[in-house]
Amino acid sequence: MFQLLSFLLAGEPVERLITDACPVYAPFFGAMGVTAALVFTVMGAAYGTAKASVGISNMGVMKPDLVIKAFIPVIFAGVIAIYGLIICVILVGGINPKANYTLMKSFTDLGAGLTVGLCGLAAGMAIGIVGDSGVRAFGQQPKLYVIMMLILIFSEALGLYGLIIGILLSSVSDTYCPGTALQPLNTGNVIVFYNNNNNNNNNNNNNNNNNNNNNNNNNNNNNNNNNNNNNNNNRI
């Protein structure tokens, strides 16, 4: 993972901190939020459009002069996908490869995307079912048109509620990255990240080993001196 990030940032100044609170994989959750928002809202819009179009087609055979008024459910269903597009633009704008991106921010972005996506999916399904049945009833009784419009408006509001909460979640700001940061080491065309504390610990361990070796050498010298003194005493 570090090599991939190094490749993407090669030759550019590095400002992003990589810590336990801001790991290199944090943008994955933000990207999944973007994906969920667009995919689920488009699924809801597609279902609503297809379902309502079936009713419009069947009603239009008998009363083609009412098709224009019956086209309203398709418009409502198409707006659901726009909600997903709006939140996707907001979320993508907050993902910067050279800025700190915390786990908290990534989780809130994921929650925002899922909120908008799933609410849009539910709203699209409601619009499709209401549009299909409402258009058929409107073809037989024109006085039901206002009631159908009111039901479609409240169905559309379900997706709007998700968009509002998604915008609030995406507005959460968090750039605090506590922990030990991986330090960039420029080795030419590739930027390598290393943990400074680990290197310091390794150096300290090496120094301790050297000190232990020196102590052992001193102990050996003392032992040799003691042996020489004992030999001299024996000769005397």
Side-chain angles (χ1 to χ4, degrees), residues 26-96 101 105-172:
F28 169 78
F29 297 103
M32 289 303 296
V34 174
T35 303
L38 191 60
V39 169
F40 287 131
T41 52
V42 169
M43 288 175 62
Y47 179 84
T49 301
K51 186 71 173 176
S53 298
V54 173
I56 295 172
S57 300
N58 291 332
M59 188 270 295
V61 173
M62 302 301 297
K63 295 184 179 180
D65 54 321
L66 298 178
V67 171
I68 299 301
K69 288 185 177 181
F71 191 72
I72 296 299
V74 176
I75 298 175
F76 276 89
V79 174
I80 297 296
I82 298 177
Y83 294 162
L85 182 61
I86 292 172
I87 196 66
C88 285
V89 172
I90 295 175
L91 295 180
V92 170
I95 301 176
N96 187 352
Y101 196 73
K105 178 62 176 173
S106 65
F107 291 155
T108 55
D109 287 347
L110 176 61
L114 289 174
T115 300
V116 178
L118 294 177
C119 288
L121 178 60
M125 294 179 66
I127 290 173
I129 295 173
V130 171
D132 185 18
S133 301
V135 165
R136 295 173 189 269
F138 165 65
Q140 298 178 5
Q141 178 54 263
K143 292 182 180 180
L144 295 176
Y145 184 76
V146 176
I147 299 299
M148 183 188 70
M149 287 294 297
L150 291 175
I151 298 174
L152 288 174
I153 290 172
F154 283 105
S155 300
E156 183 79 18
L158 300 177
L160 185 60
Y161 299 155
L163 177 63
I164 294 173
I165 299 302
I167 292 175
L168 292 178
L169 283 172
S170 65
S171 64
V172 175

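The shown structure was predicted, so the numbers you read here are calculated from the model rather than taken from an experiment.
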Walk me through it: do Ser53 and Thr49 pass the test side chain to side chain contact (heavy atoms under 4.5 Å, CB included)?
CA-CA 6 Å; Ser53 298; Thr49 301; 4.0 Å; yes
Using a 6.0 Å cut-off, check whether atom CG of Leu150 has over 12 heavy atoms from anything other than its own residue.
yes
Between Thr41 (side chain only) and Leu38 (backbone N and O only), is there a donor and an acceptor less than 3.5 Å apart?
yes
Flag side-chain contact, heavy atom, 4.5 Å: Met149 against Tyr145:
yes
Taking all non-hydrogen atoms of both residues into account, name the closest pair between Met59 and Phe138 and its distance.
CE-CD2, 4.5 Å
Is there a side-chain contact between Leu158 and Cys119, using heavy atoms and a 4.5 Å cut-off?
no
Min side-chain heavy-atom separation Val67-Ile56 under 4.5 Å:
yes
Listed once per pair and sorted, the ring-ring contact (aromatic ring centres under 6.0 Å, His included) pairs that draw on residues 106-131, sequence neighbours left out
Phe29-Phe107
Heavy atoms, side chains only, cut-off 4.5 Å: are Ile167 and Ile87 in contact?
yes
Keeping to residues at least two apart or across chains, list the ring-ring contact (aromatic ring centres under 6.0 Å, His included) pairs with something in residues 61-93.
none
Using side-chain heavy atoms (C-beta onward) and a distance below 4.5 Å, is Val135 in contact with Pro73?
yes
Between Tyr47 and Ile127, is any pair of side-chain heavy atoms under 4.5 Å apart?
no
